[in-house]
Amino acid sequence: MRPGDSVALVTPAGPVPPEQLDAATAALEAWGLTVKRFASAGNRHPGLPYLADTDERRAADFQAAWLEPAVAAVISARGGYGTQRMLDLVDWPALRVAGPKIFTGASDVTALHDAIAVHLGLPTLFSPMPAAPFWDELAGAGLRSALFDPARPIVLRGTALVPGTARGVTTGGNLSLLAASVGTPEHRPRDGAIALLEDVTEAPYRIDRMLTQLLRSGWFAGVTGIVLGSWTDCGKPDSVRAVLLDRLAPLGVPILEEAGFGHLPGSATVPLGVPATLDGETLTVDGR
């Protein structure tokens with residue numbers, strides 16, 4: 001992207017207070033971008049206050065943003081809940097005809113990352129969101145670099161929970177959304193992939209349940225490596241680590257933990273759907 005480009009700020013899930021939406025708009029405008037906000041941005045569902053607007057309006061605005069020729073990127077303002085509710089209302093064939101866009105977001109927006117990968121075959125950016133609680137200067141700098149300087153390598157560093165090396169295409173996102181996708185059109189085995197996983201406010205037994213569901217559904221079939229981000233407010237770190245080891249170590253693939261993405265200040269931006277290398281304590285994204 002370049003200064004002067006237009007971006008669409010969308011709310012596919014939860015509502016955003018007006019002052020936070022204005023702050024998110026200002027943050028993007030400070031990068032030299034022209035920000036277009038659609039009707040559902042700043043709205044609230046008339047009967048379900050945890051949604052930004054009706055499913056039909058959120059889907060229509062996401063679709064309109066993608067189909068707008070002048071829009072170079074579609075940026076999710078925040079997560080929350082509700083993205084899955086609108087997926088079946090999107091005209092995916094029309095989006096394919098319109099051609100590729102940059103798409104960014106995280107958390108509940110994992111559902112859209114998966115849908116774009118399945119229905120459009122495009123990579124996306126699993127990134128901090130400018131109206132979300134963990135947005136800060138460092139998180140914004142990472143997203144800005146990914147947008148404006150894509151040739152710069154993205155390197156995540158962490159701790160080897162299970163040592164080893166692997167190559168694969170990045171996939172994944174928020175664990176609870178991935179588990180909730182089992183049985184939907186977006187659910188598929190991640191053969192040949194390096195899986196990225198994170199979550200927030202999920203007790204260890206619920207993390208166990210969601211990993212078990214993905215394991216039983218075949219989601220991990222063919223995964224070459226696993227990279228774990230933050231588990232903010234998910235209980236004692238040792239308890240979470242014990243669950244992750246119990247459920248994932250039997251896969252026999254290298255696992256990197258505490259890799260600096262997810263629900264935490266300064267969260268990294270990580271491309272999904274692109275080749276990457278996991279080597280000991282480092283994940284290097286090869287291309288975008």
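It should be emphasised that the depicted structure is a prediction, and the values quoted were computed from it without experimental measurement.
- Atom OG1 in Thr224 sits 11.0 Å away from atom CG in Leu251 (nearest 0.5 Å).
- Here Leu278 contributes atom CG and Ile194 contributes atom CD1; the two are 5.5 Å apart, rounded to the nearest 0.5 Å.
- Screening Leu228, Asp233, Thr232 against Ser230 for a side chain to side chain contact (heavy atoms under 4.5 Å, CB included) leaves a single residue, Thr232.
- By the rule that hydrophobic residues join a cluster once side-chain heavy atoms approach within less than 4.5 Å of another member, Phe148 and Leu28 end up as members of one cluster.
- Taking CG of Leu178 as the reference point, atom OG of Ser217 lies at 10.0 Å (rounded to 0.5 Å).
- Smallest separation of non-hydrogen atoms from Ala193 and Thr171: CB-CG2, 3.5 Å.
- Under the 4.5 Å side-chain heavy-atom criterion for Ile, Leu, Val, Met, Phe, Trp and Tyr, Val169 and Ile116 are members of distinct hydrophobic clusters.
- Contact of the Ile207 side chain with the Leu175 side chain is registered, since non-hydrogen atoms from C-beta on lie closer than 4.5 Å.
- The two residues Leu156 and Ala268 make their nearest non-hydrogen contact at CD2-CB, 3.5 Å.
- Atom CZ of Arg206 and atom CG of Leu211 lie 13.0 Å apart (nearest 0.5 Å).
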Side-chain atoms of residues 119-126: list all donor-acceptor pairs with protein atoms under 3.5 Å, sequence neighbours left out, distances to 0.1 Å.
residue	atom	partner	partner atom	Å
His119	NE2	Glu186	OE2	2.8
Thr124	OG1	His113	ND1	2.7

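- In the model, Thr165 has no side-chain atom that pairs as donor or acceptor with a side-chain atom of Asp279 under 3.5 Å.
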- Task: Apply the test side-chain contact (heavy atoms from CB on, under 4.5 Å) to residues Leu33 and Met1: give CA-CA distance (whole Å), side-chain angles for both, the deciding distance (0.1 Å), then the verdict.
- Result: CA-CA 9 Å; Leu33 299 172; Met1 294 187 63; 3.6 Å; yes
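- For the pair Leu283/Val155, no side-chain contact is recorded, criterion being any heavy-atom separation below 4.5 Å from C-beta on.
- Test Asp53, Asp61, Thr54 against Ser40 for side-chain hydrogen bond (donor to acceptor under 3.5 Å, both in side chains) and you get one pass: Asp61.
- Listed here is the closest heavy atom pair of Gly172 and Thr110: O-CG2, 3.9 Å.
- Using a cutoff of 4.0 Å between basic side-chain nitrogens and carboxylate oxygens, Arg241 and Glu258 are scored as salt-bridged.
- Neither side chain, Thr11 nor Arg78, offers a donor N or O lying under 3.5 Å from an acceptor on the other.
- The structure places CD of Gln213 at 12.0 Å from CG of Asp208, a figure rounded to the nearest 0.5 Å.
- Val109 and Phe261 sit in two unconnected hydrophobic clusters of ILVMFWY residues. Membership requires side-chain heavy atoms under 4.5 Å apart, directly or through other members.
- For Asp55, the salt bridge (Lys or Arg N to Asp or Glu O under 4.0 Å) criterion is met by Arg58, Arg85, not counting sequence neighbours.
- For Leu21 against Val16, the heavy-atom pair with the smallest separation is N-CG1, 3.5 Å.
- When the salt bridge (Lys or Arg N to Asp or Glu O under 4.0 Å) test is applied to Arg190, the partners found at least two apart in sequence or on another chain are Asp114.
- For the 3.5 Å distance criterion, the side chains of Asn174 and Ser176 qualify, holding a donor opposite an acceptor.
- Not counting sequence neighbours, the partners of Asp22 by the salt bridge (Lys or Arg N to Asp or Glu O under 4.0 Å) test are Arg37.
- With sequence neighbours excluded, the residues that form a salt bridge (Lys or Arg N to Asp or Glu O under 4.0 Å) with Lys36 are Glu68.
- Cluster note: Leu138 groups with no other residue, as no ILVMFWY side-chain heavy atom lies under 4.5 Å from it.
- Residues Leu67 and Ala98 come closest through the heavy atom pair CD2-CB, 3.5 Å.
- Of all non-hydrogen atoms in Ile75 and Pro130, the two that sit nearest each other are CG2-CD, 4.1 Å.
- Side-chain atoms of Ser239 never come within 3.5 Å of backbone atoms of Gly235 as a donor-acceptor pair (strictly under, hydrogens ignored).
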